*Asks:* 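Right, I'll just put the structure down here and ask away after.
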Amino acid sequence: MKKIIFLLSFVLLLGTINAQQTGYYNGVEGKDGEELKAQLNDIISGHTVYSYFFSKEIFKLSDQDPDNPNNVITVYGGFSRPNNDYGTGGDFLNREHVWAKSHGTFEDILPMDSDVHNLKPADASVNVSRSNKDFDNGGTQHSEATDCYFTEYTWEPRDGAKGDIARIIFYMATRYEGENGELDLEVVDEINTYPTPTHGRLSTLLEWNMQDPPDDFERNRNNVIYSYQQNRNPFIDNPEFANLIWRNVAASPVSIANVQIMPETAVANQEVTISASISSSAADIANAKIMWGLSYENLGNEIVMTANGDQYTANIPGQDEDQTVYYEIIATDGTNESSTVVYNYYIPKVFTGQLVSIYDIQGQTENSPYADQIVSTSGIVTGSFGSFYFIQDGTGLWNGLFVFDGGRNPSIGDSVIVTGKVKEYYNKTEIAEISDFYFIADNKPLPEPVIVRSGEVEEGHESILVKVMNATCVMENYHSDFYMWWVNDGSGVLKVHNTSIFEYEPELNAAYDITGPMNYDFDEWKIELRFETDVASGSDIVLPQVMEVTPLTFNNIRIDFSEDVTEESAENIANYSLNNGISVVAANQHTFNKKQVNLEVSNMTSGTDYTLNIQGVKDLTDNEMEPFETTFNWVGIGEISFASSSTIYPNPAADFTTITLVAEKNETINITLYDIGGRLVYQNEVSLSYGQNNFTIDTKPFNNGFYQLSLSNESGRIIHKLVIY
């Protein structure tokens, strides 16, 4: 069924929505030095990680030649080169690690190696000359990149890139602080710092930061990378952060905090309220204002903010749809001044068209009834991979759609409208040639994945979220099959694609639960991985079993299960029963070994057969055991047949204890020692000779306490209580 929607105010995402959004740097106010560095780290850490390989695709937008969209600008030479012309040597393109990956040695280690804020397209031969040198002024002029100079240990880039380089180094030193298995990178006032995780020279980089401030090219690069990685380079947004951290410049006593916008999504021709908490530790606030305009470079409109205590507000007049408004807050206490970064918000377009549901586009057939038609449809983004993404409208078959739309990068959970042409790409229904894109809302709940068997994927699963459960990896070498590994849950093989966003190292014969959008490409089905939680250990469907029942003493029985069991079920005495009038007094799970349970029972009699019944015990995934029954015979002292007498001395023991046994024949016995919790701490097999036998146990390795010493073989068992002090 087609749905008609008129005059809905949805945001058109054209790149500006990914720029500097209101409140991104809330929390940095009043901070400097290491405190500011730590706060910025909190803001920019945990970014979305793409593969090193995929950075070439991001460069096409982040470093695009403004005069030739098919080219990129190289970082050091400033040359315009075709954006696909990668290779080694000559004028081919390289991906340059500005913070050299050998300074800390993070080659192939994510996220450091693939962080696009640190990567730039570079002329291959120039990149070889730069190598892993630190940055500083001076040296010999480079023969090709003639605006660059170098020495044995240093590299000076062209003037138009000096600030860019400095701010990349500052970003890396702030983003990577040794947390979550990442390196701790530091910028230092030294050169020849290889191979330590440091880069220099700090004093020169600080000069370059002020000498070459951010321009439109660098700001666009920051916005594009933010659209992919979901983190920004703070030193592009505010170069003064570097002076506050590394030049010992004190933060202004004027604080502009908690910047907010209302409404969060602006409406065409309606005013927008900007608010902030503004105060000064030196004096009263004398003036607070908003400077705004319709471009980053032209904030010529001034609005005085109204105060209510420390809360200040101002209303920016309503603007036409499809406009971006830029603004900053400036406040002074008469002596000191402070300002925010330049924030922006977007004025949405008004959607007045007709929506066709994804279900109708799919048409419940292999080929869409809307093929080659231009339509608008809506859904929740369930996976975003740079050059394409998936949207879904509800849970169930036929509700997913593949969208080919390079560089858009909506976030998972975004509710969107797309307008484009429906195509059948080698039997995959998709929408491409996107002419309009509307952002409705973010952080929407995703549809529940459809459970599917690995060998039973059908057309209705195309582009929807699916989950395969307890599927065994049958081919782990994903490098041999275009980054795909194979799983099979017993119904057939399905491929799992390690994408540009997330790669998983599978283990052959291990079982996995796998979640992700189902893609159909090159005549085969594959699940596209999005993030770490898409792959989990296979669901436990195996019931716990009793492996061994061992009567330790007349009132203690040890039970060993096949896997860890829950404390609640293991210690429920109703799950155990004995015959012959023996009652279960208590059930105690071992403190560390969750497979072991010790039953405390009323006194058993030597030489009597007992039947133990166990039921209701569950493993950690709530699988409940099948009822279990076993019969055993308790043999106490005096009922043994392999010895006429046995003693241990000394008891209590400090350094050793000696066992004396008078054997009635030659045979072999087991000597075991259990602590009070039933944990086996010593075991040895010894041979008896007819007559008296002596065996010594070194007790020094054992903790002080009470122990059970057991002497046993098929003929019987002798139990002694041993005290070690």
Side-chain angles (χ1 to χ4, degrees), residues 37 40-41 43-63 72-76 86 93-123 126-127 130-135 155 157 161-188 193-200 202 205 208-209 214 217-237 239 241-242 245 386 500-501:
K37 188 165 177 264
L40 290 174
N41 174 266
I43 293 171
I44 66 177
S45 291
H47 68 264
T48 300
V49 180
Y50 284 80
S51 68
Y52 173 69
F53 175 83
F54 192 73
S55 60
K56 295 187 295 186
E57 298 301 314
I58 300 177
F59 286 165
K60 292 178 181 179
L61 298 174
S62 65
D63 294 81
V72 294
I73 300 297
T74 62
V75 58
Y76 298 129
Y86 285 83
L93 288 176
N94 278 176
R95 283 160 288 181
E96 157 74 332
H97 288 83
V98 177
W99 185 296
K101 58 181 178 288
S102 60
H103 286 236
T105 314
F106 55 79
E107 184 174 6
D108 297 329
I109 300 176
L110 301 179
M112 290 83 71
D113 187 53
S114 68
D115 192 328
V116 187
H117 282 298
N118 184 47
L119 295 172
K120 293 281 284 183
D123 181 276
V126 177
N127 195 26
R130 187 262 155 153
S131 184
N132 63 358
K133 293 177 171 65
D134 290 294
F135 295 103
W155 180 263
K162 284 177 175 171
D164 307 52
I165 296 301
R167 288 180 282 274
I168 288 172
I169 295 296
F170 297 153
Y171 164 85
M172 293 294 284
T174 302
R175 168 64 182 85
Y176 297 102
E177 294 282 62
E179 301 170 333
N180 302 315
E182 299 166 353
L183 293 177
D184 183 5
L185 305 180
E186 297 295 340
V187 57
V188 295
T193 61
Y194 162 83
T196 65
T198 59
H199 235 300
L202 173 60
L205 292 167
W208 292 354
N209 179 49
F217 185 89
E218 193 177 1
R219 282 191 289 269
N220 174 72
R221 173 178 161 85
N222 200 19
N223 293 340
V224 169
I225 296 173
Y226 173 66
S227 76
Y228 284 88
Q229 294 193 170
Q230 297 299 297
N231 75 335
R232 303 182 65 80
N233 183 333
F235 303 96
I236 297 174
D237 293 326
F241 283 151
I245 294 172
S500 60
I501 296 176

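Positions are given from 1, in the same order as the sequence printed here. Fair warning: this is a prediction, and the values are worked out from it, not measured in the lab.
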*Asks:* Examine the side chains of His97 and Asp113 and answer whether a donor and an acceptor come within less than 3.5 Å of each other.
*Replies:* yes
*Asks:* Answer yes if the side chains of Tyr50 and Glu57 hold a donor-acceptor pair under 3.5 Å, and no otherwise.
*Replies:* no
*Asks:* Atom CZ in Arg232, atom NE2 in His47: separation rounded to 0.5 Å?
*Replies:* 14.5 Å
*Asks:* When rounded to the nearest 0.5 angstrom, what distance separates CG in Asp115 from CD in Gln229?
*Replies:* 4.5 Å
*Asks:* Nearest 0.5 Å, please: how far is CD1 in Ile169 from OG1 in Thr174?
*Replies:* 11.0 Å
*Asks:* For the atom pair CG (Asn127) and CH2 (Trp155), what is the distance rounded to the nearest 0.5 Å?
*Replies:* 8.5 Å
*Asks:* With no hydrogens and no angle check, is any side-chain donor or acceptor of Asn94 less than 3.5 Å from a backbone partner on Asp123?
*Replies:* no
*Asks:* Is the distance from the ring center of His117 to that of Phe235 below 6.0 Å?
*Replies:* no
*Asks:* Using distance alone, with no hydrogens and no angle criterion, decide if Thr193 and Asp134 have a side-chain donor and acceptor under 3.5 Å apart.
*Replies:* yes
*Asks:* Might you work through the salt bridge (Lys or Arg N to Asp or Glu O under 4.0 Å) test for Glu218 and Arg221, ending with a clear yes or no?
*Replies:* CA-CA 5 Å; Glu218 193 177 1; Arg221 173 178 161 85; over 6 Å; no
*Asks:* Could you tell me which non-hydrogen atom of Pro214 sits nearest to which non-hydrogen atom of Ile236, and how far apart they are?
*Replies:* CG-O, 3.5 Å
*Asks:* Ignoring hydrogens and geometry, is there a side-chain-to-backbone donor-acceptor pair from Arg219 to Asn222 under 3.5 Å?
*Replies:* no
*Asks:* Would you name the heavy atoms of Tyr86 and Arg95 that are closest together and state the gap between them?
*Replies:* CE2-CG, 4.0 Å
*Asks:* If you look at every heavy atom in Ser114 and Tyr52, which pair is closest and at what distance?
*Replies:* CB-N, 3.4 Å
*Asks:* Using a strict threshold of under 4.0 Å (side-chain N to carboxylate O), is an ion pair present between Asp63 and Lys120?
*Replies:* yes
*Asks:* Strictly by modelled atom types, are Asn180 and Glu182 linked by a side-chain donor-acceptor pair under 3.5 Å?
*Replies:* no
*Asks:* Does any N or O in the side chain of Asn233 come within less than 3.5 Å of the main-chain N or O of Arg167, such that one atom is a donor and the other an acceptor?
*Replies:* yes
